A.B. asks: 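My questions all concern the structure below.
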Amino acid sequence: MPSAETTRVSVPQPDVVRPTREDEVAAAGSELIGGPVGRRSLLGTSWWTPVRIVALVAIGMFALGMVQKLPCYDSGWFFGASSQYTHACYSDIPHLYQGRGFADGLVPYFDKLPGDMDYLEYPVLTGVFMEVASWMTPSGGGIQAREQTYWMVNAGMLMVCAAVIAVCTARIHRRRPWDGLLVALAPAFALTATINWDLLAVALLAAAMLMWSRGRALAFGVLVGLATAAKFYPFLVLGPLLVLCWRAGKWREYGTAVLGAVGAWLVVNLPVMWLAPEGWSKFYRFSQERGVDFGSVFLFVSRWFNIDITADTANTYAMIMMVLACFGITAMTLTAPRRPRFAQLVFLIVAAFIVTNKVYSPQYVLWLVPLAALARPRWRDFLIWQTCEVAYFLGIWLYLAYTTSGDAHKGLPTDGYQLAIAVHLLGTLYLCAVVVRDIFLPERDMVRRAGDDDPSGGVLDGAPDVFALGAAAHPPRHAAHFEGPQVDWGSPGAQPADDGSR
């Protein structure tokens, strides 16, 4: 008889889960292209595989996002302070080409900048990305043409990252490739993709999660280390993974992942840390010293209650809230009736970091889009959250248009922007709430309703528990009831259900 370590599911499973059969919103949306797949369809006989379709849709949506930036590309970035805000097409990329010394050939972290920012305030791998794009930008011509070219070069490189993210998301859950369309069609993804360089870290983390889902712990760790060298937040995934591996007893794989992450991060950072320590540390000093800024819960509270919140106070409260969130996620992981899926916990920890941060730039939504598609692959909930994020995207630019248009005050006043912040926070918390509900009521989880355990979990997928707390340590024989295939993993001594095949 096969063991619990090698057998993944307890009943025969179809190859691909079709969202049009389990998601009413997906079924309604499919009417635009002829309706749900019928019983006479010939699956697997065409070049148009789900992953290829997802990749092409992602590229197409990215291109539409570039088109949305045209008013700024033509003039908004260069003429008039408020035009780039009224058209909601702002991007850091062209402004920082000159503002961070790339136009003058300055070397990031080594050469001091002449303006108010003495060194580049981005992590090393992102600085390398920015520098490589500057090498591909011709040095001749006027500064406007060079900034336009620099944005186009970066957009091309970021488009590759977007395709990688969509493909990795589609492939992490082997039987659910169509969930990648949640990423590819996400409106907030297209609108914010070229605001900054966040897609580099998001792509590296998506590739890391794909490696973990395939049981490649070292490759996962290396990619997490590289992602953390590009942006600060990706290291957070090691926290929930620690608790999951604790519950499943997978210490060797976790240790391999941590060593890979630390090693990759040091390979990227040590040379700059050693040769240009002041420039290297600028990102960390800037993050620590930065005051309460746009989109944060601290800005909402300070304006709602008319109080001043200093950077030190915000740092303290952000740390306290984040620690409490980590304790809550740990307790939930060890007491849930079934071990939570890896993607669910990664989504929750990154969402907690975003909600408790001192600043919420519009492009931070990119961090959550692929994680949300994996944690809660249901179109209704995903679109509710995306609607809230698009509302915030429009809100911040209209607010900046209001504050930069002088006495004309064209745009959204302060009270309206406060509402936009509240909508963003409520949308994120709503999605967190349904993910937490899925963890405690696994019969509501779309992935597990289809008969899978944890397809993003790699060695955790189908593994029995070795440590749990509370009721999870002594689960009832039938902890959950729902129609459809079931998987009984996640309890000590779990055995495959008898499907009559033996």
Side-chain angles (χ1 to χ4, degrees), residues 52-80 82-99 102-103 122 126 129-130 132-138 141-169 180-204 206 230-231 361-370 373 386 389-394 396-398 400-401:
R52 288 172 178 168
I53 292 173
V54 166
L56 291 175
V57 171
I59 292 172
M61 285 293 291
F62 188 97
L64 288 177
M66 293 177 64
V67 171
Q68 189 266 336
K69 300 294 186 291
L70 274 179
C72 282
Y73 182 86
D74 290 337
S75 61
W77 292 329
F78 315 106
F79 308 109
S82 63
S83 176
Q84 58 188 333
Y85 303 133
T86 55
H87 290 93
C89 54
Y90 173 85
S91 173
D92 287 326
I93 295 173
H95 297 299
L96 296 188
Y97 175 65
Q98 185 175 24
F102 295 104
Y122 287 86
T126 297
F129 190 95
M130 300 162 75
V132 169
S134 73
W135 295 343
M136 294 187 285
T137 302
I143 188 62
Q144 177 178 334
R146 295 168 65 190
E147 288 181 350
Q148 289 172 323
T149 303
Y150 185 66
W151 181 83
M152 286 295 295
V153 170
N154 275 279
M157 296 166 66
L158 293 171
M159 181 183 287
V160 175
C161 294
V164 169
I165 295 165
V167 168
C168 289
T169 305
L181 283 177
L182 290 163
V183 175
L185 292 172
F189 193 97
L191 290 170
T192 62
T194 57
I195 291 179
N196 203 277
W197 292 269
D198 294 65
L199 280 183
L200 173 61
V202 179
L204 289 168
K231 206 74 180 179
S361 297
Q363 72 273 11
Y364 287 3
V365 69
L366 298 170
W367 304 0
L368 286 178
V369 169
Q386 282 289 289
E389 292 298 332
V390 171
Y392 177 76
F393 174 84
L394 297 174
I396 186 173
W397 303 132
L398 291 177
L400 288 171

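Worth saying up front: this structure is predicted, and the values here are computed from it rather than measured.
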A.B. asks: Work out which heavy atom in M61 is nearest to a heavy atom in A190; give both atom names and the distance.
C.D. replies: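 Reported closest heavy-atom pair: O-CB, 3.5 Å.
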A.B. asks: Is any side-chain heavy atom of Y90 closer than 4.5 Å to one of H95?
C.D. replies: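 Yes; the side chains approach each other to less than 4.5 Å.
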A.B. asks: Please answer whether the main-chain N or O of A88 pairs with a side-chain N or O of K69 as donor and acceptor at a distance below 3.5 Å.
C.D. replies: no
A.B. asks: Decide if atom CD of Q68 counts as having more than 12 heavy atoms of other residues, nucleotides or ligands within a radius under 6.0 Å.
C.D. replies: yes
A.B. asks: Please give me the minimum heavy-atom distance between A155 and M66, naming the atom from each residue.
C.D. replies: CB-CE, 3.8 Å
A.B. asks: Backbone N or O of C89 within a donor-acceptor pair of the W77 side chain at under 3.5 Å?
C.D. replies: yes
A.B. asks: Could you measure the distance from the CG atom of L204 to the CD1 atom of I165? Nearest 0.5 Å is fine.
C.D. replies: 9.0 Å
A.B. asks: What distance separates M159 CE from M152 CE, expressed to the nearest 0.5 Å?
C.D. replies: 8.0 Å
A.B. asks: Considering residues at least two apart in sequence or located in another chain, which fulfil the disulfide bond (SG atoms under 2.5 Å apart) criterion with C168?
C.D. replies: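 Once residues adjacent in sequence are excluded, C168 has no partner under the disulfide bond (SG atoms under 2.5 Å apart) criterion.
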A.B. asks: Just do the side-chain contact (heavy atoms from CB on, under 4.5 Å) check on F62 and L199 with the steps written out, would you?
C.D. replies: CA-CA 12 Å; F62 188 97; L199 280 183; 3.9 Å; yes
A.B. asks: What's the spacing between L158 CG and L200 CG if we round to 0.5 Å?
C.D. replies: 8.0 Å
A.B. asks: State, with a plain yes or no, whether a side-chain heavy atom of T149 is found less than 4.5 Å away from one of M136.
C.D. replies: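 T149 does not reach M136 side chain to side chain.
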A.B. asks: Nearest 0.5 angstrom please: L398 CG to F393 CZ, how far?
C.D. replies: 9.5 Å
A.B. asks: Any idea which heavy atoms bring A401 and S82 closest together, and the distance?
C.D. replies: O-CB, 4.2 Å
A.B. asks: I'd like to know if the side chain of Q84 reaches the main chain of S91, judged simply by a donor and an acceptor atom lying under 3.5 Å from each other, with no hydrogens or angles considered.
C.D. replies: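 Answer holds: no.
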A.B. asks: Search all heavy atoms of T192 against all heavy atoms of A188 and return the closest pair with its distance.
C.D. replies: OG1-O, 2.7 Å
A.B. asks: So L182 and F189, do their side chains get closer than 4.5 Å, heavy atoms only?
C.D. replies: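 They are not in contact (no side-chain heavy atoms under 4.5 Å apart), so the answer is no.
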A.B. asks: Quick one: sort the Y122 and W197 rings into parallel, tilted or perpendicular, breaks at 30° and 60°.
C.D. replies: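 If you compare the ring of Y122 with that of W197, the planes turn out perpendicular.
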A.B. asks: V54 and A184: which non-hydrogen atoms are nearest, and at how many Å?
C.D. replies: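 For V54 and A184, the tightest heavy-atom pair comes out as O-CB, 3.7 Å.
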A.B. asks: Any side-chain heavy atom of E389 sitting closer than 4.5 Å to one from V369?
C.D. replies: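 Answer no - side chains too far apart.
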A.B. asks: Atom CG of N154 and atom CG of D92: how far apart are they, to the nearest 0.5 Å?
C.D. replies: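 Taking CG in N154 and CG in D92, the distance rounds to 11.0 Å.
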A.B. asks: Below 4.5 Å, heavy atoms only, C-beta onward: do L96 and F102 meet side chain to side chain?
C.D. replies: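 The answer is no, as the side chains (C-beta and beyond) never meet within the 4.5 Å cut-off.
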A.B. asks: If we only count heavy atoms from C-beta on, is the L56 to I53 side-chain gap below 4.5 Å?
C.D. replies: no
A.B. asks: Got a second to check how far T126's OG1 is from N196's CG, nearest 0.5 Å?
C.D. replies: 8.0 Å
A.B. asks: Are side-chain heavy atoms of C161 and V202 found at a separation under 4.5 Å?
C.D. replies: no
A.B. asks: Mind listing the closest non-hydrogen atom pair of T194 and I93 along with its distance?
C.D. replies: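 Heavy atoms of T194 and I93 come nearest at O-CD1, 3.5 Å.
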A.B. asks: Strictly distance-based, threshold 3.5 Å: is any side-chain N or O of Y150 a donor or acceptor partner for the main-chain N or O of M130?
C.D. replies: yes
